[in-house]
Every structure is written in structure tokens, then in C-alpha cells.
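Input: a single structure, listed below in C-alpha cells.
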There are 2 protein chains.
Amino acid sequence: MERKTFDTAPCSIARSLDVLGDWWNPLIIRECLYGVHRFDEFQKWLDIGRNILTRRLKQLVDEGLLEKRPYQDNPPRFEYHLTDKGYDAAGVLLALMAYGEKWHFENGNEPIRIFDRTSGARVMPALVDARSMRAIDARQLYAGPGPAFPADKSVRRSRFVEYFARQGDGKRPAKTTE
Amino acid sequence: MERKTFDTAPCSIARSLDVLGDWWNPLIIRECLYGVHRFDEFQKWLDIGRNILTRRLKQLVDEGLLEKRPYQDNPPRFEYHLTDKGYDAAGVLLALMAYGEKWHFENGNEPIRIFDRTSGARVMPALVDARSMRAIDARQLYAGPGPAFPADKSVRRSRFVEYFARQGDGKRPAKTTE
DNA sequence: CCAGTTAGTTTCATGATGGAACTAATAATA
DNA sequence: TATTATTAGTTCCATCATGAAACTAACTGG
């Protein structure tokens with residue numbers, strides 16, 4: 001599986017995919033969100049091989065998305081719970097869920113619903129721009145290199161075509177704020 | 001790869017993972033977002049085997065995330081562009097990017113930045129509840145079955161523990177709106 | 001005529017996967 | 001006491017997907 005590792009790639013997406021670019025890991029996180037926390041339950045609901053499950057749980061714990069919580073001493077038994085990082089990853093899954101509902105289910109016929117723990121109100125995850133608070137439409141966007149992107153100019157140019165087109169000659173972002 | 005297919009699973013996440021739960025497909029979509037559209041460019045930037053790339057492009061076209069656009073006749077050559085569905089998937093990647101920036105890069109040292117095509121302003125993707133427009137914290141949520149979830153009661157109960165706990169006896173959501 | 005470009009396909013060794021059976025430690029049951 | 005159940009793994013193995021490299025194919029440009 002980790003044939004190729006992206007954990008040093010200069011890309012937030014690629015690095016995250018090292019753990020989340022997989023069929024099982026996101027589903028394990030989903031189960032945690034549903035309220036499932038034990039080995040055999042994961043195994044049962046996901047119908048995943050026990051060996052694979054073992055490996056995945058280990059990986060998720062190593063990567064800091066899950067933590068093991070003992071719930072019994074003899075024999076020692078553990079539950080797997082989401083960490084802060086794991087909950088953030090679960091947020092990504094909510095975005096994925098919204099996408100999946102839109103494209104794989106009829107409107108109003110979704111398989112899962114999400115609610116707020118305190119108000120009990122339905123929650124509808126949506127992606128917005130944190131500044132304008134307006135819904136994000138990827139068609140309306142273009143990408144450019146940030147501070148952590150490798151400096152090689154020719155690489156940047158041939159890849160972030162629109163970004164450099166807008167800057168005249170790569171001096172500085174034209175109409176770009178910040 | 002498609003050892004196990006989730007395309008009939010009663011879960012928006014699982015179905016989406018059939019295509020997006022992979023290392024390469026999301027990265028190919030990312031490249032499209034960057035402005036990369038041709039076979040050899042994908043191959044070069046991603047350092048992906050040509051055979052694998054062939055398969056993945058085919059899959060993404062089949063699944064309706066990419067479309068082939070001829071740009072030359074002799075010999076026939078194509079560019080791969082995002083469809084509406086593909087752009088929505090790209091939105092999910094933006095959520096993933098935000099997650100990756102938070103957990104894999106220092107603040108302000110991100111590798112990629114996103115801008116609005118018309119205003120040129122920086123865009124910061126964030127997940128909110130479409131109703132309250134407040135940031136979503138997965139810790140604050142619980143899940144319950146929706147209309148498209150299988151009816152088996154014992155299954156529902158042992159999985160959506162909190163949901164059923166809140167309903168008293170599974171009659172109807174207690175404080176749940178809608 | 002020969003090198004270069006672009007988009008693949010083919011072949012093959014290797015590694016990840018899924019399935020089934022097995023271990024282990026303990027509790028509950030007869 | 002013997003037996004079965006529960007829970008969480010581990011081990012073994014056949015098969016499938018992957019990645020690397022070489023090859024094909026259709027054209028272009030000098």
C-alpha cells in the first residue's frame with residue numbers, strides 16, 4: 001500500500017493522502033464518528049480483513065488520528081477514539097459526504113444525517129471561503145505556489161499557468177491580496 | 001485496486017471513496033486545478049507510471065469527473081478537463097488541503113495558495129454548517145440514519161448509539177429539527 | 001531521413017490485499 | 001471441571017494491483 005509515500009511532498013493534499021487516500025482509513029474514522037470504537041465492531045460493520053484492520057488501526061494511531069483507550073484490564077482491551085487531528089480529518093469526511101450525497105443520492109434521500117450535539121439541529125456541511133463566507137466554487141479558483149513550495153521557477157510556471165499569467169512576469173501577484 | 005467496491009454502499013462517503021479513496025485520482029484532480037491537462041504533464045509532475053495513469057484517467061472519465069477534449073486531429077490528442085462533478089470533487093480536495101495545512105505545515109508556510117478568479121483575492125476554504133454558517137467541529141456532532149439507510153433496527157441501534165439514546169426509544173428525534 | 005513529441009500498451013517482479021484458520025486470555029455457562 | 005463465548009489479535013497463502021522499463025504508434029519539424 002505505501003508503495004509510494006507522499007509524506008515529504010510539498011503539498012497538503014498529498015501528505016494527507018498518505019493516510020486518508022485509502023479506502024479503509026476514512027471508513028474507520030467514519031465508524032468512530034458513528035459511535036463505533038472496538039476492533040470486532042469495526043471488523044463487523046466494515047467487513048474488513050482482521051489483519052488489514054490491525055494494520056490500519058496501528059497506522060491511524062501512529063499518525064495521531066486515533067488514540068487507544070483501555071476499557072478493561074484482564075485481558076487488556078482498548079477502544080479507539082478520535083483525537084483532535086482525527087476529528088479534523090472527520091471534518092474532511094463531512095465534505096466528502098456532502099459531495100457523495102449530491103452525486104450519488106437523490107436530494108433528501110441521503111443515508112446519513114448529521115446533528116449538533118447541543119442543539120440537536122440538523123447540520124449541513126458546506127465549504128465556504130472563511131473571509132467572504134460565500135460558498136466555494138472550484139471553477140472560480142486558480143492556484144499558485146505558497147511559501148513552502150519549491151523555488152524552481154520553470155517548474156512553477158509550467159504548472160501554475162494562470163497564476164503566472166496574472167502576474168505579468170512573475171514579479172508579484174497583480175490583483176492578489178495578501 | 002477495486003478489490004472491494006463500495007459503489008452500492010448506503011453511504012455517501014463510501015461511494016465517493018470508490019473513486020477518491022486512492023492516491024492518484026485526487027492528485028490528478030489537483031493537477032487539473034493547477035492548470036495541468038495533458039498526459040505527459042500529469043506523468044511528469046506526479047511521477048506516476050504511464051500504465052497506471054492511463055487507467056486512472058479512464059476511470060475518472062468513466063466516473064464523470066474528467067472529460068476528454070480534443071485539441072489536435074493528427075494524431076488525435078486530448079486534454080483532460082474537470083467536469084462539474086470533478087470541480088465538486090476538487091472542492092473536497094480543498095477541505096483536505098485545509099486539513100493538511102493545519103497538521104502538516106506551519107501556519108503561513110503553506111505550499112499552495114488559492115485565489116479567486118475574478119477578484120484575485122486569497123481564498124481560505126473552511127467547513128461550515130450551511131444553516132448557522134458557523135464553523136463545523138466534528139466533536140460537536142453525532143450521526144443518525146437518513147432515509148436511504150437500511151431499515152434493520154438492530155443494526156441502526158448498535159451503530160448510531162448516540163442518535164438512538166437521544167430519541168428515547170427510536171420513535172422520533174427528540175430535539176432534532178427536520 | 002532522423003530525432004523529437006505525445007499518448008499510450010506490454011511485460012514482469014514485487015508488494016498489498018482479503019480470506020481463513022489459529023492463538024491467547026479471560027468470563028460465563030453447564 | 002469442562003465447554004463455550006468474547007475480544008483482539010497474528011499467521012499463512014493465493015491473487016490482484018502496482019511501478020518500472022521497454023516498446024509501439026502516429027505524426028512533426030528540420
Side-chain angles (χ1 to χ4, degrees), chain A residues 1-7 9 14 17-28 31-32 35-63 66-81 154 158-159, chain B residues 1-7 9 14 17-28 31-32 36-62 66-81 154 158-159:
Chain A
M1 165 203 169
E2 257 60 14
R3 188 67 51 83
K4 215 147 203 164
T5 178
F6 297 115
D7 59 2
L17 286 174
D18 238 13
V19 179
L20 297 177
D22 176 73
W23 306 278
W24 294 125
N25 287 346
L27 292 175
I28 291 171
E31 291 301 320
C32 282
V36 167
H37 300 287
R38 299 189 182 176
F39 189 94
D40 272 25
E41 287 183 317
F42 287 125
Q43 200 280 317
K44 182 171 82 180
W45 296 130
L46 295 179
D47 193 25
I48 178 180
R50 309 177 74 76
N51 49 354
I52 307 294
L53 179 57
T54 300
R55 243 180 287 171
R56 290 299 194 282
L57 288 173
K58 201 164 287 171
Q59 189 191 7
L60 287 168
V61 169
D62 287 349
E63 295 285 339
L66 292 182
E67 59 175 5
K68 285 171 91 162
R69 280 191 206 159
Y71 70 91
Q72 157 184 315
D73 279 343
N74 290 0
R77 290 281 184 265
F78 299 91
E79 289 184 332
Y80 295 87
H81 286 264
S154 66
S158 48
R159 229 162 152 193
Chain B
M1 166 202 170
E2 257 61 14
R3 189 65 51 82
K4 213 148 203 161
T5 178
F6 297 116
D7 60 0
L17 286 174
D18 238 13
V19 179
L20 297 177
D22 175 73
W23 306 280
W24 293 126
N25 288 347
L27 292 175
I28 290 170
E31 291 301 319
C32 283
V36 167
H37 300 287
R38 299 190 181 176
F39 189 92
D40 271 25
E41 288 184 317
F42 288 125
Q43 201 279 317
K44 183 171 78 179
W45 297 130
L46 295 178
D47 191 26
I48 178 180
R50 308 176 73 77
N51 48 354
I52 306 294
L53 179 57
T54 300
R55 243 180 286 171
R56 289 300 194 281
L57 288 173
K58 200 165 286 171
Q59 188 191 8
L60 287 167
V61 169
D62 287 350
L66 291 183
E67 58 177 4
K68 285 172 92 163
R69 281 190 206 158
Y71 69 92
Q72 157 184 313
D73 279 343
N74 289 2
R77 291 283 183 263
F78 299 91
E79 289 185 331
Y80 295 87
H81 286 264
S154 65
S158 46
R159 230 161 151 194

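On a predicted model such as this, the values are computed, not experimentally measured, just so you know. A, B, ... follow the sequence lines: proteins, then strands. Residue 1 opens every chain.
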Roughly how many Å is it from CG in B:Leu46 to C1' in D:dT18, rounded to a whole number?
-> 15 Å
Taking only residues two or more places apart in sequence or in another chain, which ones pass side chain to side chain contact (heavy atoms under 4.5 Å, CB included) with B:Lys44?
-> none
Pairwise side-chain contact, B:Arg56 with B:Asp22, heavy-atom cut-off 4.5 Å (strictly under) | yes
Value in whole Å for how far the C1' atom of C:dG15 lies from CD1 of B:Ile52 | 13 Å
Under a 4.5 Å cut-off applied to non-hydrogen side-chain atoms, are A:Leu46 and A:Val36 in contact?
-> no
Euclidean distance, atom CD of residue B:Glu79 to atom C1' of C:dA7 [Å, nearest integer] | 13 Å
Across all chains, not counting sequence neighbours, the salt bridge (charged side-chain N to carboxylate O under 4.0 Å, His left out) partners of B:Glu31 are A:Arg159
Does the side chain of A:Tyr80 come within less than 4.5 Å of A:Glu67's, by heavy atoms?
-> no
What is the distance, rounded to the nearest whole Å, between atom CZ of A:Phe78 and atom P of C:dT26?
-> 14 Å
Between C1' of D:dG19 and CH2 of B:Trp24, the distance in whole Å = 9 Å
Would you indicate, yes or no, if C:dT17 has its OP1 or OP2 atom less than 4.0 angstrom from a side-chain nitrogen or oxygen of A:Arg56?
-> yes
Report each atom pair, protein N/O against N/O of nucleotides 25-30 of chain D, whose distance is under 3.5 angstrom.
residue: D:dC27; atom: O3'; partner: B:Asn74; partner atom: O; Å: 2.9

To the nearest angstrom, how far is A:Gln43 atom CD from C:dG18 atom C1'?
-> 11 Å
Taking only N/O atoms, report every protein-nucleotides 10-13 of chain D pair under 3.5 Å with atom names and distance.
none

4.5 Å side-chain heavy-atom contact, B:Leu27 and B:Phe42 = no
To the nearest Å, give me how far apart CZ (A:Arg38) and P (D:dG9) are.
-> 12 Å
With B:Arg55, which residues qualify under side chain to side chain contact (heavy atoms under 4.5 Å, CB included), at least two apart?
-> B:Ile52
Hits for side chain to side chain contact (heavy atoms under 4.5 Å, CB included) against A:Glu79, two or more places apart or cross-chain, chain-then-number order -> A:His37, A:Arg38, A:Tyr71, A:His81
To the nearest Å, how far apart are A:Phe42 CZ and D:dT6 C1'?
-> 17 Å
Do the side-chain N or O atoms of B:Tyr71 get closer than 4.0 angstrom to the phosphate oxygens (OP1, OP2) of C:dA7?
-> yes
Does a nitrogen or oxygen in the side chain of A:Trp23 sit under 4.0 Å from OP1 or OP2 of C:dT17?
-> no
Quick check: does any side chain N or O of A:Gln59 sit under 3.5 Å from a backbone N or O of A:Asp62, one acting as donor and the other as acceptor?
-> no
May I ask you to verify if any side-chain N or O of B:Tyr80 is less than 4.0 angstrom from the OP1 or OP2 atom of C:dG8?
-> yes
